[in-house]
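Structure first, then comments.
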Amino acid sequence: MRIPRIYHPDLISVDQQISLTSEASNHLINVLRVQAGQALVLFNGDNNEYPAELVVANKRKCEVIIDAKLSLTVESPLKIHLGQGVSRGDRMDLVIQKAVELGVDEITPVVTERCGVKLNAERWQKKVLQWQKLIASSCEQCGRNQLPKIHPAIPLADWISQSTKKLRITLHPRAIRGVKGLSLPNAGVRLLIGPEGGFSDSEIYATEQAGFQTFHMGPRILRTETAAIAAIASLQSIHGDL
């Protein structure tokens, strides 16, 4: 069996015996059915991973002994900050999961005119916490030892007005240029993707006034989740590590 990778949110030290979180313990015992003696790999987002051994395994808790600290990074040299128009259903979860796998280092949920999700401040906070757990789970799966940062959801006008040295890109099906051959600065890219209803004309105008350049992903109109995944993969293929 593949050695399980477990996210642990606290400080990890060699030779330390630590108790895993209830979620991690439940996953190991009830899903993976592991027993004491199982080899594990822990990470906490500090760009290291920690080989460990499971020494206590029961329904109440799991404890591990940390064997070593390994400096191991699989981060892309291309820094991508994804501004994703918030979409309904599981589309947003899918985009976040795949963006993590493809090496994005920052994600901001962006509220647009055609956003179909209407939440109060408390529910937005809970949603971001859910996305943080999804990011950790995706890192467990794909081998990243550094967790991408997810920012609180903000209006489109606020996100596009933020200062940055990154190249600003908006994906739009009516753009006259494609991403092939795009030249990127060392600072990376801020990639803006619309929700399932797309951007309004006034929003596209606002992004252009804020310094965003519009690009397309070919002659077909892509769903929001497809557009994000395709754009990130294309940028990583041209300038990153794919």
Side-chain angles (χ1 to χ4, degrees), residues 76-117 131 134-135 138 141-142 148 150-151 153-162 164-242:
S76 171
L78 176 62
K79 302 300 182 183
I80 300 177
H81 186 164
L82 173 64
Q84 175 64 46
V86 178
S87 301
R88 292 173 294 186
D90 60 358
R91 293 183 180 92
M92 194 69 184
D93 288 358
L94 178 63
V95 169
I96 291 173
Q97 181 187 64
K98 300 309 175 186
V100 172
E101 293 178 27
L102 289 168
V104 163
D105 67 322
E106 291 186 75
I107 302 170
T108 298
V110 177
V111 181
T112 65
E113 290 181 18
R114 297 171 180 168
C115 174
V117 180
W131 288 329
L134 177 60
I135 287 173
S138 297
Q141 182 273 322
C142 73
I150 184 159
H151 299 275
I154 59 174
L156 174 65
D158 292 345
W159 194 71
I160 63 176
S161 66
Q162 292 175 352
T164 181
K165 293 182 179 179
K166 291 181 170 67
L167 178 66
R168 302 171 175 92
I169 295 176
T170 304
L171 215 61
H172 194 272
R174 294 197 299 272
I176 61 175
R177 296 170 293 179
V179 298
K180 187 176 181 180
L182 183 65
S183 178
L184 297 182
N186 292 333
V189 59
R190 281 171 75 96
L191 174 65
L192 179 60
I193 307 291
E196 63 261 42
F199 292 117
S200 68
D201 291 341
S202 62
E203 287 176 325
I204 290 295
Y205 177 77
T207 64
E208 291 173 343
Q209 293 300 301
F212 281 75
Q213 303 176 44
T214 55
F215 291 86
H216 63 72
M217 287 300 298
R220 293 167 295 279
I221 297 176
L222 306 179
R223 293 180 183 270
T224 178
E225 63 271 29
T226 309
I229 295 168
I232 296 166
S234 295
L235 292 171
Q236 290 285 29
S237 178
I238 298 169
H239 300 281
D241 56 1
L242 295 185

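Only heavy atoms go into these numbers, but all of them, side chains included; no hydrogens, no water, no symmetry mates.
With respect to the salt-bridge test (charged N to carboxylate O, under 4.0 angstrom), the residues Asp201 and Arg174 qualify.
Between Ala206 and Ile160 the shortest heavy-atom distance is O-CD1, 3.7 Å.
Asp105 places a side-chain N or O within donor-acceptor distance of the main-chain N or O of Ile80, the cut-off being under 3.5 Å. With Arg114 contributing its side chain and Phe199 its backbone, the two residues share a donor-acceptor pair below 3.5 Å. Under a 3.5 Å cut-off, the side chain of Thr164 and the backbone N or O of Lys166 do form a donor-acceptor pair. Panel note: side chain Ser237, backbone Ala233; no donor-acceptor pair is recorded below 3.5 Å.
A donor-acceptor contact under 3.5 angstrom links the side chains of Glu113 and Ser202, judged on distance only. Ser76 and Gln236 share a donor-acceptor pair across their side chains, judged by distance under 3.5 Å alone. The closest side-chain donor-acceptor pair between Thr224 and Glu196, if any, does not fall under 3.5 angstrom.
For residues 77-117, every residue pair satisfying the ring pair (Phe, Tyr, Trp, His ring centres under 6.0 Å) rule, not counting sequence neighbours, is listed here: His81-His151, His81-Trp159.
Partners of His172 according to the ring pair (Phe, Tyr, Trp, His ring centres under 6.0 Å) rule, which considers only residues two or more places apart in sequence or in another chain, do not exist here.
If you take CD on Gln84 and OG1 on Thr112, they are separated by 9.5 Å, rounding to the nearest 0.5 Å.
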